[in-house]
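A quick note: this is a predicted structure, and the numbers were derived from the prediction, not measured.
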Amino acid sequence: MPSTSRVELYAAIRRDSRAGVSGREIERRYKVGWRTVKQALSSAWPQERKIYPPRGSKLDPFKPAIDAMLREDLRAPRKQRHTVKRIFDRLIDEHGMTDVSYGRVRAYVAERKPQISAGTGRVFEDVFVPQTHRPGMEAEVDFGEVSVRLRGEQVVLFLFCLRLSFSGRAVHRVFASGGQEAFFEGHEHAFRVLGGVPAGKIRYDNLRAAVAQVLGFTRQRVETERWTAFRSHWGIEPWYCRPGEIGAHEKGGVEGEIGWFRRNHLVPVPEVESLAELNESIDHWDLQDMDRRIGSRPRTFGEMFAAEKPLLQALPVEPFETGRWFTPRVDRYSQISVRTNRYSVPVRLIGRRLRVQLHASELVVFDGRTVVARHERLLAKGAVRLDLDHYLEGLLRKPGALPGATALEQARAAGKFTPVHDAWWSAARKAHGDRDGTRALIEVLLLHRHLSHDHVVAGMAAALHAGALTADAVALEARKSAETDHPEPLAMLGDSHRLGRFTSLTERRLTHLPADSRPLPSIAAYDDLLPSRRARRGGGIGP
């Protein structure tokens, strides 16, 4: 049964008494004494409990000494003030304290320290002053770390967040690094999604991507040159928080937003194949969160953002290049070094100096104005990312280097070099020998440049089933597999295609010719050129 409050007990006693129930019956019914019945009949409100004075403590003789130490700390440097442990030790050494526990001293210090600070007119360090934000004027920016299972491996990524202070609308983006490239690309993405730039200040930590030096205890900063150009392009007015944990409270909105987003959308740890896939999900979650409310606000994020969006500054017309350029030289391993990591390029470029554009999540390599390589940015330092396709021309000359190639192992780990490739390679080496069989495989791998990966794999499987271990046979079957996307021409191939039997090139071409709608030829017009029968009877054609 639910417990009955003392007010309800008094009400029941008074009700039964008015109904004529005797006092003894009331005592028995409610299991109370006669004093309780008497008090209930005299007043509907129970009497307040008597407050007894606190009992004395063994700490009482030492409380003045503790108060004196806490008052001394008000004038001492912040990093040289008493800790509870130091107070406890001094009471034992200097004041002869015994039989008093450390917990008792800690509880008293926790109670008295704010009282002494308030008594001297000092403001508590943990006080928070409510703020009012005007629509379209303010925003906050920060990074947070998130764990993600990327292609089966758990990695740490960086979650960028820009949050409008008035509406609470936030835009998130995940990057492989938290460097300047991600800092710029996160801003650009957020401004594009919001449709404008805050007209007032944006609050920042002292991120290395923006701040080169903190000048003393002021709000002034020495900014990096690229950040100065970037904020000038977008019309950003930065406002930098105080360094350390104290400054985190000056942009508590974005700090709490990152924590909320991480707990509600990234638990359990998501499993993705690429950062692009994860960012697509994040964009979808941001749209879902438009129906959220903060605390007891009467309107949702979406409703408040609808009133705030027209007050944002317009976006600039010209784009700003967020990537950073490098000009490394290709070494003899056909690799370039960028930010302690190494990436492969085609072997024909060995010894050349190339232009590299480094973005937050990818790396693009240019030879002049032509893109010659594109890699997903590596997360760890000192790592290597190799593309097997970049080494194929060199492997044609050195086929014996393929079995132990690092690029081959990475292709296997990424799923680009499948068990079908291995099976076809084994059969080709058995039929043609190690050297010629490996060269045949390399010629098959070159087909990936012109045909999709799935079609080439299907062509290898069909050729392996038919015992055709040449690159030309794989190419033919791969093209036939590509044509399965168009069912009408396939219907004309008959059962030979479905059974995997090879057809002649002539038969294959004839089956794909369009239907001939022309009429059948006629030779009736040639009769006019023949001499008439009467002329032949007369023996001539003259007059």
Between R242 and E250, does at least one N-O distance fall below 4.0 Å, as a salt bridge requires?
-> yes
With a 4.5 Å limit on heavy-atom distance, are the side chains of V372 and F366 in contact?
-> no
Salt bridge flag under 4.0 Å for residues E376 and R151 = yes
So with a 6.0 Å cut-off around CD of E409, is the heavy-atom count from everything else above 12?
-> yes
For residues W234 and E188, report the shortest heavy-atom separation together with the two atoms involved.
-> CZ2-CG, 3.7 Å
E393 and R449 ion-paired at < 4.0 Å = yes
Which atoms form the tightest heavy-atom contact between V269 and R149, and what is the distance?
-> CG1-N, 3.7 Å
Kindly give the heavy-atom pair with the smallest separation between S177 and A182, and that separation in Å.
-> O-CB, 3.2 Å
Min side-chain heavy-atom separation R324-Q180 under 4.5 Å | yes
Flag yes if more than 12 heavy atoms outside W325 fall under 6.0 Å of its CH2 atom; otherwise flag no.
-> yes
Does the pair F320 and H233 meet the rule for a ring-ring contact (aromatic ring centres under 6.0 Å, His included), with working shown?
-> CA-CA 7 Å; F320 186 92; H233 175 83; 5.5 Å; yes
Salt-bridge criterion met for E72 and R81 (N-O under 4.0 Å) | no
Calculate, to the nearest 0.5 Å, the distance between atoms CG and CG belonging to L150 and L278 respectively.
-> 8.5 Å
Are K416 and D389 close enough for a salt bridge, meaning some N to O gap below 4.0 Å?
-> no
Side-chain ion pair, D283 and R173, N-O less than 4.0 Å = yes
So, H265 versus Q288: side-chain donor-acceptor pair below 3.5 Å or not?
-> no
Stepwise, does the ring-ring contact (aromatic ring centres under 6.0 Å, His included) test hold for H187 with F175?
-> CA-CA 12 Å; H187 278 84; F175 297 102; over 10 Å; no
Does R90 reach the side chain of M69, with side-chain heavy atoms less than 4.5 Å apart?
-> yes
Side chains of H189 and F160: closer than 4.5 Å at any heavy-atom pair?
-> no
Measure the CD1-CG distance between I442 and L396 for me, rounded to the nearest 0.5 Å.
-> 5.0 Å
Shortest non-hydrogen separation from V254 to E140 and the atoms involved | N-OE1, 2.7 Å
Flag yes if more than 12 heavy atoms outside R353 fall under 6.0 Å of its CZ atom; otherwise flag no.
-> yes
Any chance you could lay out the salt bridge (Lys or Arg N to Asp or Glu O under 4.0 Å) test for D331 and R342, step after step, and finish with the verdict?
-> CA-CA 10 Å; D331 62 14; R342 308 185 70 81; 2.2 Å; yes
Side chain Q80, main chain P77, donor-acceptor under 3.5 Å | no
Taking the six-membered ring of W260, is NZ or CZ of R292 closer than 6.0 Å to its centre and within 45° of its axis?
-> yes
Does the side chain of E321 come under 3.5 Å of the side chain of Q357 through a donor N or O and an acceptor N or O?
-> yes
Find the distance between CH2 (W285) and CG (N279) and round it off to the nearest 0.5 Å.
-> 10.0 Å
Ring centres under 6.0 angstrom apart (Y204, W239) | no
Under 4.0 Å between a Lys/Arg side-chain N and an Asp/Glu carboxylate O for K480 and E483?
-> no
Have H375 and D387 got a donor and an acceptor in their side chains that come within less than 3.5 Å?
-> no
Looking at side-chain heavy atoms only, is the closest gap between F191 and L162 below 4.5 Å?
-> yes
Evaluate the side-chain proximity of W227 to F184: yes if any heavy-atom separation is below 4.5 Å, no if none is.
-> yes
Any side-chain heavy-atom pair of M304 and F166 under 4.5 Å = yes
Distance-only, no hydrogens or angles: does the T224 side chain make a donor-acceptor pair with backbone N or O of A209 under 3.5 Å?
-> yes
Does H448 have its ring centroid less than 6.0 Å away from the ring centroid of H421?
-> yes
Salt bridge D422-R412, side-chain N to carboxylate O under 4.0 Å = yes
Pair H455, S481: side-chain N/O donor-acceptor within cut-off below 3.5 Å = no
State whether the side chain of E138 and the backbone N or O of K201 hold a donor-acceptor pair below 3.5 Å, judged by distance alone.
-> no
Should we count CD of E94 as having more than 12 external heavy atoms under 6.0 Å?
-> yes
Is the side chain of Q335 donor-acceptor paired with the backbone N or O of S344 at a distance under 3.5 Å, no angle test?
-> no
Check the pair R163 / D142 against salt bridge (Lys or Arg N to Asp or Glu O under 4.0 Å), numbers first and verdict last.
-> CA-CA 9 Å; R163 178 183 181 272; D142 200 8; over 6 Å; no
Answer yes or no: is there an ion pair linking D73 with K113, defined by an N-O contact shorter than 4.0 Å?
-> no
Step by step, would you call S117 with L74 a side chain to side chain contact (heavy atoms under 4.5 Å, CB included)?
-> CA-CA 8 Å; S117 298; L74 298 177; 4.0 Å; yes
Pair D67 + K63, salt bridge at N-O below 4.0 Å | no
Say whether N206 and R221, considering side chains only, have a donor N or O and an acceptor N or O under 3.5 Å apart.
-> yes
Calculate, to the nearest 0.5 Å, the distance between atoms CG and CG belonging to N341 and L363 respectively.
-> 9.5 Å
For residues D367 and R352, determine if any side-chain heavy atom of one lies less than 4.5 Å from a side-chain heavy atom of the other.
-> yes
Give the intermediate values and the outcome of side chain to side chain contact (heavy atoms under 4.5 Å, CB included) for residues R71 and I116.
-> CA-CA 7 Å; R71 291 189 179 93; I116 292 175; 3.8 Å; yes
CG of L266 to OG of S281, rounded to nearest 0.5 Å, is 9.5 Å
Tightest non-hydrogen contact, residues E308 and L164, listed as OE1-CD1, 3.5 Å
Is E181 paired with R339 through a side-chain N to carboxylate O contact shorter than 4.0 Å?
-> yes
Which heavy-atom pair separates V338 from P328 by the least distance, and what is that distance?
-> CG2-CG, 4.4 Å
